[in-house]
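Structure, as structure tokens:
These numbers come from the heavy atoms of this one structure, side chains and all, not from hydrogens, waters or symmetry mates.
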Amino acid sequence: MKNYIEDIREKTSGMSRNEACAYVWTYYWYHILGILAIIALILLFAPHYGSGNKKPLFTCILVNQEADQNRIQDAAEEFAEYAGLQEERVLITSDYTFSYGEVRLEGVNEGSYEKFFFQWRNEEIDAAILPESFYIHVKEMGGEFRVLEETQGLTPYMDGNSCRAVLLGNDSFTERVSGKKDEKLLLAFPDNGKHEEACGLFLQYLKNIEREGEELETIFNG
């Protein structure tokens, strides 16, 4: 590019402005169009590329739950507004159904088991809504959950002498597939999650829902 500029400057040194512009367009029009095309492509795709690569600011994973996707999406949008976050950067998903330990399910995506622990190791999970038996399984696999100093008035779940989850109700999915009626549905936070402040806001958001008379398990448990 520097050589082109020097060549143009040399050959148009004795020309008027109009003559120089006419010369440049005559002999370098294809270069000009190429540069303009590159600039247009950058302006067109850069915003999409940038927004598509923004990582979530809060990720909540539902394990072994056949939840209503529309209700989950509504909850994600409501929480984003409550927490002052962009909707596209709040992710609540129930695409994690698999067998583990003595819980054996048929026709499920067993690959989501590896995906769950891969995301856990990469510190990509901020919150998990999960059966009590899977909470125990995660701990047996070496995972730890954050100690909750404040549960925002929700029912605390005690693990030894520490509160490490809140109780959302009974796990109706486990009851349907295994007949076990006393499985608890918990909300817990991996201790390596990056967005601790958002986790606290999520607890506040759930408490507000409960105050309005809606049972939390009906939102997150099919």
Can you tell me how the ring of [X] sits relative to the ring of [Y], calling it parallel under 30°, perpendicular over 60° and tilted otherwise?
X      : Y      : result
Phe98  : Phe116 : tilted
Tyr135 : Phe145 : parallel
His137 : Tyr113 : tilted

Mind checking the [atom1]-[atom2] spacing from [X] to [Y]? Nearest 0.5 Å is all I need.
X      : Y      : atom1 : atom2 : value
Asp171 : Lys184 : CG    : NZ    : 11.5 Å
Gln119 : Ile61  : CD    : CD1   : 4.5 Å
Thr151 : Leu187 : OG1   : CG    : 10.5 Å
Gln65  : Ser172 : CD    : OG    : 7.0 Å
Ile129 : Leu206 : CD1   : CG    : 7.0 Å
Ile92  : Arg71  : CD1   : CZ    : 12.5 Å

Grab the two heavy atoms, one from Arg146 and one from Gly193, that are nearest each other, plus how far apart they are.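 Closest pair (atom of Arg146, atom of Gly193, distance): NH2-O, 3.3 Å.
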Under 3.5 Å: donor-acceptor pair, side chain of Asp126, backbone of Cys199: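 Side chain of Asp126 to backbone of Cys199: no pair is present.
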Okay, side chain of Arg89, backbone of Leu57: is any donor-acceptor separation there less than 3.5 Å?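 The answer is no, because no donor-acceptor pair under 3.5 Å joins these two groups.
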Pick out which of Leu185, Thr97, Val108 makes a side-chain contact (heavy atoms from CB on, under 4.5 Å) with Asn64.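 Only one of Leu185, Thr97, Val108 forms a side-chain contact (heavy atoms from CB on, under 4.5 Å) with Asn64, namely Thr97.
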Results of side-chain hydrogen bond (donor to acceptor under 3.5 Å, both in side chains) for Tyr82 - residues two or more places apart only: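 Result, side-chain hydrogen bond (donor to acceptor under 3.5 Å, both in side chains) vs Tyr82: Gln204, Asn208.
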Any residue meeting side-chain hydrogen bond (donor to acceptor under 3.5 Å, both in side chains) with Lys139, in chain and number order, not counting sequence neighbours: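 Checked Lys139 against side-chain hydrogen bond (donor to acceptor under 3.5 Å, both in side chains); matches are Asp159.
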So for atom [atom1], which belongs to [X], do other residues, nucleotides or ligands contribute more than 12 heavy atoms lying within a distance under 6.0 Å?
X      : atom1 : answer
Glu114 : CD    : yes
Glu144 : CD    : yes
Glu123 : CD    : yes

Mind checking whether [X] and [Y] have side chains closer than 4.5 Å, heavy atoms only?
X      : Y      : answer
Phe79  : Leu201 : yes
Gln152 : Val166 : no
Leu167 : Leu186 : yes
Tyr157 : Glu132 : yes

Checking [Y] against [X]: is there a side-chain donor and acceptor pair closer than 3.5 Å?
X      : Y      : answer
Glu183 : Ser133 : yes
Tyr100 : Glu140 : no
Gln73  : Gln69  : no

Are the aromatic rings of Phe189 and Phe202 close, with centres under 6.0 Å apart?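 No.
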Side-chain heavy atoms nearer than 4.5 Å, only ILVMFWY residues, links allowed to pass through others: does that put Leu130 and Met141 together?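 Yes, Leu130 connects to Met141 through the hydrophobic network.
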Hydrophobic cluster identity match, Ile125 and Ile136, side-chain contacts under 4.5 Å: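 Looking at the clustering, Ile136 is in the same group as Ile125.
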